Amino acid sequence: MDDVTVREDSTKVELIEAQGVVCSYVVNGSPYGVDSSFDANSKLYFYSTVARSSISEEDTLYHVWFNGLDTIQKVPCRLTGESCFTFVDPKMATEGEWSVDFVKGRKLLATKQFKVVAPVR
């Protein structure tokens, strides 16, 4: 058997430009209580990160919150370093299939889907 050198073509490596999580808290700039299901009437946060190399100072970043097909809010996301977060008011966090989009202009950077359910009594 011949020795074979395998080289990985670095041009095929896909770097994560942006990502996000839904959580119950942001403490000292970090997300806590990350999950995919949350109780209704809870304050929920979308915490996102983006590579600074993929954005410019002129870019406006937004978190767009949806419950089903309904847009609940579109909030500017102000970066601190490479991260930012926004939240939805507990009164607005009603039961349903939710999602949050992290966008730069018309470009979708990241999205996260989650459920808001009736609290267990």
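Everything numeric in this text was worked out from a predicted model, so none of it was measured.
T111 contributes a side-chain N or O that, together with a main-chain N or O of V100, makes up a donor-acceptor pair within less than 3.5 Å. Using modelled atom types, one side-chain atom of Y47 and one backbone atom of G29 make a donor-acceptor pair closer than 3.5 Å. Within the 3.5 Å criterion, the main-chain N or O of F87 finds a donor-acceptor partner in the side chain of Q73.
Rounded to the nearest 0.5 angstrom, K104 NZ and E17 CD are separated by 5.5 Å. Separating the CG atom in D39 from the NZ atom in K115 is a distance of 14.0 Å, to the nearest 0.5 Å. Rounded to the nearest 0.5 angstrom, L109 CG and L61 CG are separated by 6.5 Å. A distance of 12.0 Å separates CG in N41 from CE in M92, rounded to the nearest 0.5 Å.
Residue S54 comes nearest to D59 through the heavy atom pair O-OD2, 4.5 Å, listed as atom of the first residue, atom of the second, then distance. Closest approach of N67 to G96, counting heavy atoms only: OD1-CA, 3.6 Å. Here the closest heavy-atom approach between residue K112 and residue G20 is recorded as CE-O, 3.1 Å. Annotation for P31 and C23: closest pair CB-SG, 3.7 Å, computed over non-hydrogen atoms.
One hydrophobic cluster, built from ILVMFWY side chains closer than 4.5 Å, cannot hold both F46 and V34; they sit in different ones. In terms of hydrophobic clustering, with Ile, Leu, Val, Met, Phe, Trp and Tyr side chains grouped at heavy-atom distances under 4.5 Å, I72 and V22 are assigned to a common cluster. F66 and F38 fall into different hydrophobic clusters, defined by Ile, Leu, Val, Met, Phe, Trp and Tyr side-chain heavy atoms under 4.5 Å apart, directly or through other members. A single hydrophobic cluster is seen to contain both Y45 and V21, as judged by linkage of ILVMFWY side chains at heavy-atom distances under 4.5 Å, directly or through other members.
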Take C84 and R78, measure what side chain to side chain contact (heavy atoms under 4.5 Å, CB included) needs, and give me the verdict at the end. CA-CA 6 Å; C84 66; R78 299 197 186 356; 5.7 Å; no
For a side chain to side chain contact (heavy atoms under 4.5 Å, CB included) check, start with the C-alpha distance between L44 and V116, then their side-chain angles and the critical distance, and finish with the verdict. CA-CA 10 Å; L44 303 176; V116 174; 3.9 Å; yes
The test is side chain to side chain contact (heavy atoms under 4.5 Å, CB included); show your working for W98 and V88 and say whether it passes. CA-CA 11 Å; W98 283 71; V88 66; 4.3 Å; yes
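Each of D70, T86, T71 was scored for a side-chain hydrogen bond (donor to acceptor under 3.5 Å, both in side chains) with W65, with one residue passing: T86.
Within a 6.0 Å radius of CD in E82, more than 12 heavy atoms belonging to other residues, nucleotides or ligands are found. Within a 6.0 Å sphere centred on CZ of R52, other residues, nucleotides and ligands contribute more than 12 heavy atoms. Applying the 6.0 Å contact sphere to CZ of F85 captures no more than 12 heavy atoms from other residues, nucleotides or ligands.
Contact of the P76 side chain with the Y62 side chain is registered, since non-hydrogen atoms from C-beta on lie closer than 4.5 Å.
Classification of the H63-F102 ring pair by plane angle, with boundaries at 30° and 60°, yields perpendicular.
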